[in-house]
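Atom set for the values below is all heavy atoms of this structure, side chains included, hydrogens, waters and symmetry mates excluded. Residues take their numbers from the sequence shown, with the count starting at 1.
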Amino acid sequence: MALDWWSPMDNSWKIFEEYHIDENLGFALPNPLEELPHPYDAWIAIAKNLPELIKNGQLRAEVEKLATLSIDGLQGHKMQRLAHLVLGYITMAYVWGQGDEDIRKVLPRNIAIPYCKLSGKLGLPPILVYADCVLANWKKKDPSGNMDILFSFPGGDCGKGFFLVSLLVEIAAASAIKVIPTLFNAIQCEDLDALQKALLDITSSLHKALEVFHQIHGKYHRPYNIWKGNPLLSEGLLYEGVWDTPKKFAGGSAAQSSIFQCFDVLLGIQHTVGGVPSGSAAGFLQEMRTYMPPAHRNFLHSLESGPSVREFVLSKGDALLQETYNECVQAMVSLRNYHLQIVTKYIVIPASQQAKKKQASEEPSEEENRGTGGTNVIDFLKTVRGTTVRSLLKEG
């Protein structure tokens, strides 16, 4: 029997704390640390100067000079998250260098060993994941609450904009998480008015998230990232001193965001059949859960154990309630429509233009159309959007 953490007798936010969910920021890490103590400050020094070190061709030499550090001095969740973020940035920069074909296929042991040990402790893979570069990569830059990111790759404001807008979308949608206990409670008590209000509140939060998402125009810069299927790393990356064979990991991807998988689960948008992924897109979404912090993964699992909003709405046959549910699903469709537009504009079209420069008549290769997570991004987004559209309840 699933834990009834949505019970009105419980303090819901006490329970959400167990899942590392903040009342105002949702899945984003509240007030991330910005500095690491000695000797880990050597990592910070490199991460803060990545663009300049890459531009001057000094990055790899500086990384190779680093001592191999024990992770025992990294105490507390926030310190460990900062270290994972920093090592992720250093790894991406070391592997990809100046973004041309001069890559490195071996991560030196002085980075690989602490990075993999820390990853094991946090339950995350040793690669720069969404939970690093978006959820833990921010600070307040002035008293009025304006935000900036802690670390960036070459690309200036474009790179910053991509991570920052992603974070702001997360925060805008976070207010909907507060409604989940009320929504489950309404189902338990069969209170249709309370359920309708909860669904309207969630829809409103998703609309706010879409408004924020619109800010990404002109700010998208495809981040440095390792992704499966990249021909330059066809065998993967060798983590020296950790594994004897190269490993393949998916790069940071919006599919690793817990917030939208959360509302998929909540609204009964089924990317699986009987708990089994129904296709490559569904399989990819399930795999991306392993790139989320374990507490967030556990939260999604707890939602799956809760009552079905969709089945309850269907069972009541209430036209107004069904319409309200559909508005909520439609808000998810709108977000996915816009995501598709953004990816087409900032990944697919530039890849096509680049391909034409190289070979006049060629279409972009499958690799050029890959998202940072390793999928054929357009096929994936269209499939996920299609599943969401099919979740709309039919009239009558």
Side-chain angles (χ1 to χ4, degrees), residues 2-8 10 12-13 15-16 18-23 25-28 169-192 194-210 254-273 275 278 282 285-286 288-289 292 295-316 318 321-336 339 384-385 387-393:
L3 173 67
D4 291 347
W5 52 257
W6 58 85
S7 164
D10 292 327
S12 298
W13 281 107
I15 293 170
F16 280 164
E18 294 177 21
Y19 293 116
H20 293 185
I21 299 172
D22 183 81
E23 185 169 2
L25 301 172
F27 295 103
V169 169
E170 288 274 336
I171 294 171
S175 57
I177 300 174
K178 298 179 188 181
V179 183
I180 294 175
T182 307
L183 182 144
F184 279 168
N185 212 32
I187 291 174
Q188 210 169 38
C189 300
E190 301 208 8
D191 185 338
L192 302 196
L195 177 57
Q196 187 168 342
K197 184 180 182 306
L199 287 169
L200 287 169
D201 287 345
I202 291 171
T203 302
S204 174
S205 295
L206 294 176
H207 285 160
K208 284 175 190 165
L210 181 58
Q256 294 168 8
S257 164
S258 302
I259 195 93
F260 297 110
Q261 289 216 35
C262 159
F263 294 116
D264 278 345
V265 172
L266 189 70
L267 296 169
I269 298 169
Q270 293 281 352
H271 300 286
T272 61
V273 176
S278 57
L285 284 170
Q286 284 296 312
M288 288 303 97
R289 289 196 187 186
M292 298 173 186
H296 297 171
R297 211 181 304 155
N298 292 340
F299 179 69
L300 295 180
H301 184 67
S302 79
L303 286 184
E304 288 170 333
S305 305
S308 168
V309 177
R310 181 182 175 82
E311 291 305 315
F312 182 82
V313 170
L314 276 168
S315 73
K316 292 302 165 189
D318 183 291
L321 186 60
Q322 289 195 14
E323 185 183 332
T324 307
Y325 169 86
N326 275 348
E327 285 171 6
C328 212
V329 174
Q330 187 58 51
M332 289 289 286
V333 172
S334 298
L335 279 159
R336 286 178 165 145
H339 193 187
V384 171
R385 180 187 62 182
T387 304
T388 311
V389 169
R390 286 192 297 276
S391 298
L392 292 163
L393 299 177

Checklist entry - S175: what forms a side-chain hydrogen bond (donor to acceptor under 3.5 Å, both in side chains) with it, not counting sequence neighbours? => result S205

Checklist entry - Is there a side chain to side chain contact (heavy atoms under 4.5 Å, CB included) between V169 and F260 once you walk through the steps? => result CA-CA 10 Å; V169 169; F260 297 110; 3.7 Å; yes

Checklist entry - Do any N or O atoms from the side chain of Q261 and from the backbone of Q256 form a donor-acceptor pair under 3.5 angstrom? => result no

Checklist entry - Who pairs with E190 by side-chain hydrogen bond (donor to acceptor under 3.5 Å, both in side chains), at least two apart in sequence or on another chain? => result K316

Next on the checklist: Among residues at least two apart in sequence or on other chains, which ones pass salt bridge (charged side-chain N to carboxylate O under 4.0 Å, His left out) with R310?
Outcome noted: none

Next on the checklist: For R336 and D264: C-alpha separation, side-chain torsions, deciding distance, then whether salt bridge (Lys or Arg N to Asp or Glu O under 4.0 Å) applies.
Outcome noted: CA-CA 12 Å; R336 286 178 165 145; D264 278 345; 2.8 Å; yes

Checklist outcome for this item: Here the gap from T388 atom OG1 to R385 atom CZ, rounded to the nearest 0.5 Å, amounts to 9.5 Å

Item to check | Summary of salt bridge (charged side-chain N to carboxylate O under 4.0 Å, His left out) pairs that have at least one residue in residues 323-335, sequence neighbours excluded | outcome: none

Checklist entry - From L267 CG over to L183 CG, what is the distance, rounded to the nearest 0.5 angstrom? => result 8.5 Å

Checklist entry - Do H296 side-chain atoms and H20 backbone N/O form a donor-acceptor pair below 3.5 Å? => result yes

Item to check | Closest heavy-atom pair and its distance - D318, L321 | outcome: OD1-N, 2.8 Å

Checklist entry - Among all residues two or more places apart in sequence or in another chain, which pass the side-chain hydrogen bond (donor to acceptor under 3.5 Å, both in side chains) test with S391? => result none

Item to check | Within-4.5 Å side-chain heavy-atom neighbours: L195 and D191 | outcome: no

Checklist entry - Any side-chain heavy-atom pair from Y19 and S302 closer than 4.5 angstrom? => result yes

Checklist entry - Looking only at heavy atoms, which two atoms of M292 and S257 are closest? And how far apart? => result CE-O, 3.8 Å

Next on the checklist: Does any part of the side chain of V384, heavy atoms only, come nearer than 4.5 Å to the side chain of I269, both counted from C-beta?
Outcome noted: no

Checklist entry - How long is the span from the CD1 atom in I259 to the CD atom in E170, to the nearest 0.5 Å? => result 5.5 Å

Checklist outcome for this item: Shortest non-hydrogen pair, A172 vs A209, comes out as CB-CA, 3.7 Å

Checklist entry - Excluding sequence neighbours, so at least two apart, what forms side-chain hydrogen bond (donor to acceptor under 3.5 Å, both in side chains) with E304? => result R289

Checklist entry - Judged by atom type as modelled, is there a donor-acceptor pair below 3.5 Å linking the side chain of N326 to the main-chain atoms of L392? => result no

Next on the checklist: Once rounded to the nearest 0.5 Å, what's the spacing between atom CG of L192 and atom CD1 of I187?
Outcome noted: 10.0 Å

Next on the checklist: I need the minimum non-hydrogen distance between I202 and C328, along with the two atoms involved.
Outcome noted: CG2-SG, 3.5 Å

Item to check | Donor-acceptor contact present, side-chain S204 to main-chain L200, <3.5 Å | outcome: no

Checklist entry - Say you draw a straight line from CD1 of I21 to CZ of F299; how long is it, rounded to the nearest 0.5 Å? => result 4.0 Å

Checklist entry - Should I177 and F27 be marked as a side chain to side chain contact (heavy atoms under 4.5 Å, CB included) after you check the CA-CA gap, both sets of side-chain angles, and the distance that decides it? => result CA-CA 10 Å; I177 300 174; F27 295 103; 3.7 Å; yes

Checklist entry - What distance separates L303 CG from F184 CZ, expressed to the nearest 0.5 Å? => result 5.0 Å

